[in-house]
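Please read the structure below before turning to the comments.
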There are 2 protein chains.
Amino acid sequence: MKDPAPSRPARLADVARLAGVSAATASRALNGSDRGVREANRVRVLEAAKSLGYTTNIAAQAVARGRARGVTLVVKGMPDDYANPITAGVVSATQRRGLPFTLILAGTAPADLVEAVNLVRSHRPEILVIAGGRATDDVTIPALVEALRRYEAEGGRAVLITQEGLPFDTVAYANRKGGYDMATTLAGLGYRNFAVVSGFKHGITQRDRTEGFVAGLADAGIELPADRILIGDFNRDAAYAMTGDLLRRNVAVDAIFAVNDSMALGVLTFLRDTGDPRRVAVAGFDDIKALRDVTPSLTTVHLSWEQVADEALELAVSPRSDSPRTRVVEGHVIVRESTPPVVS
Amino acid sequence: MKDPAPSRPARLADVARLAGVSAATASRALNGSDRGVREANRVRVLEAAKSLGYTTNIAAQAVARGRARGVTLVVKGMPDDYANPITAGVVSATQRRGLPFTLILAGTAPADLVEAVNLVRSHRPEILVIAGGRATDDVTIPALVEALRRYEAEGGRAVLITQEGLPFDTVAYANRKGGYDMATTLAGLGYRNFAVVSGFKHGITQRDRTEGFVAGLADAGIELPADRILIGDFNRDAAYAMTGDLLRRNVAVDAIFAVNDSMALGVLTFLRDTGDPRRVAVAGFDDIKALRDVTPSLTTVHLSWEQVADEALELAVSPRSDSPRTRVVEGHVIVRESTPPVVS
DNA sequence: AATCCTAGCGGAAAGGCTTTCCGTCGTTGC
DNA sequence: GCAACGACGGAAAGCCTTTCCGCTAGGATT
């Protein structure tokens, strides 16, 4: 137990020797296998391992097995965005299943994602989950598809958490419907003059949410002038700035729909920094946890990210199917203080 | 470029064959080495790799080299706590240096941390960073120290982001001083009746912050009755509940210091949910990003987590020293709306 | 008692990469 | 024109684990 720290890690052969068995038996005893090991030997191996402070060399294990255990998640974008609910969901879903977890961050440029997938390929994990919306003008899609194809051909299982449409198992969430429902809800509350704070032009997530919202308004008999749809970066600070641009134009607006909660918070904070936030209603999308602590509490589309992540892992561990499967998780509108009923 | 997806990943030998060189040369060309490779060969190898869609098998590389490139971060606690600034800091510091990053989550029990370190050992990464405070009554410290000793003896570099005191390179942040400064600042603003919302009993972070705060009050001639220090779990929801307990006791309190921002948000939200938030001042600690979007904006102790993470990596990549080094990062109080000057 | 199974074990190969050690070849210096 | 040297390529020996396959011993079966 207290031997002087070795200058190289104990390896399986050391354990085997100390336990008086072969490396093969030690391997079976330590890291499981269908083959049986006599109880007495199993115990001796475990004790030997403990006394040597042995830990399996995961890299060697991965080489021998041809694949590393666990889930690798690729996330687009910045790490300090506290409002990344997908990551949190995947992490905890992975934990629940007792799978090792690795996070790889990709840059925000489309090509970065391809690069990240290839980095993942070099790790050879069993499961690869990619989170984050696509863009319509993404010229790297063919390259991405090819990289993922290769990954799957090599025996990995890829699942996308994003819009449907790529030839891989996908968990999507109902962006369009969420936007639609939000629109009808807000209209039902009495709002009439809307603006949408949206993300950069070609992002499919923001496009779908925006289109759904516009469609919902239309069905409620409200038309949204094109100049009321603001386009900027897909984050809080951009939303903050866009709100300023909007209000400086002095247009009549009584409700702003931001295509995600982070952006809604930017809108809310801008309104607060410059006047009474109650004057203009604000709604978001995602229902991130941070919403609990802001005032007014924010109306949003609730999405169960836990469920999204769970379905993703379920797809990943289920037997491979011949054609890609898609699961869609639906959200529902939660009305809170930021959109009080309009009294007229 | 467009060969049908292979059923097994291309390996180095395939690249070498296609390029018409040996595996040794291909290795040198692709993954660097002190040895030179003739330019013409280098180019041919790179082209061959590209056309085969080759990615280095990182596991095999790690086996051969005896160590895996990159940084592994061990974090204690829940993933969905959006207010974990250390993780964000380490992730982006790691990105900046172009190092591969892996995240391992440990449970909240002390023994989980030891287990996590051993899991890391089995990955054999160059650098291990552990984030998260210790507890005074942690009986697993010897086991933790032994696991880390082994890791370092095996050639790894461990850095702790936590309180000083363990025999490893450490980046600490000035908890006591921050608490002290916060106390004198609040006293200077005119507050007299304080309460502290603190985390579970034996956590050193919360203890130091609390003790510093008490000391600061004492130096300002204010005594804090013991029953004004509330102990609960170290998170927002517990703080929310504790605030209720406190106010139900109907004690005179005009300012509450929460030992971190997450908890301060819980306090703030409780106050808001049940009355006028302005009645009691609230201060936190950490200056997490989410603060920007709450009202009233929160007085807190700003800590540069980027700097903390940066110093940690700097320690990790610098030559090993014979005795453990400690760097302390200091914070400073930022007064915001949640603690307006007292008018008397 | 003779035969057949089966569980358990060990030797050895495989898995993909790095790195050392030589050998070769072209270049430099005199 | 020759010797010495430096640069580079390749064969092969690792690195550590898993897994295939063959073998033994002991129990079950008849």
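Please read all numbers here as calculations on a predicted model, not as lab measurements. Quick note on labels: first sequence line is chain A, next is B, and so on, each numbered from 1.
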At under 4.0 Å, does any side-chain N or O of [X] touch on OP1 or OP2 of [N]?
X       : N      : result
B:Asn41 : D:dG9  : yes
B:Tyr54 : C:dC17 : yes
B:Ser27 : C:dT18 : yes
A:Arg38 : C:dC9  : yes
A:Ser22 : C:dC9  : no

Rounded to the Å, how far apart are [X] [atom1] and [N] [atom2]?
X       : N      : atom1 : atom2 : value
B:Leu12 : C:dT19 : CG    : P     : 12 Å
A:Asn31 : D:dT19 : CG    : C1'   : 13 Å
A:Leu52 : D:dC16 : CG    : P     : 14 Å
A:Arg17 : D:dC16 : CZ    : C1'   : 13 Å
B:Asp14 : C:dG15 : CG    : C1'   : 13 Å
A:Leu30 : D:dT18 : CG    : P     : 8 Å
B:Arg67 : D:dC16 : CZ    : P     : 11 Å
A:Arg44 : C:dC9  : CZ    : C1'   : 13 Å

Nucleotide of [options] approaching [X] most closely (side-chain heavy atoms):
X       : options                : value
A:Ala64 : C:dG16, D:dG10, D:dT18 : D:dT18
B:Val63 : D:dC15, C:dC17, D:dG9  : D:dC15
B:Asn57 : C:dC9, D:dT17, C:dG16  : C:dG16
A:Arg28 : D:dC20, C:dG16, D:dT17 : D:dC20
B:Ala24 : C:dG10, C:dT19, C:dC17 : C:dT19

Between [X] and [Y], does at least one N-O distance fall below 4.0 Å, as a salt bridge requires?
X        : Y        : result
A:Glu146 : A:Arg150 : yes
A:Arg96  : A:Glu306 : yes
B:Arg67  : B:Glu126 : no

Item to complete: Between B:Glu39 and B:Arg65, name the one whose nearest nucleotide on DNA chain D is closer to the 5' end.
Response: B:Glu39
Worksheet entry | Candidate pair A:Asp169 and A:Arg157, rule salt bridge (Lys or Arg N to Asp or Glu O under 4.0 Å), full reasoning | CA-CA 9 Å; A:Asp169 285 348; A:Arg157 300 284 276 113; 3.7 Å; yes
Fill in: B:Leu315 side chain reached by B:Thr170 side chain, heavy atoms, under 4.5 Å
no
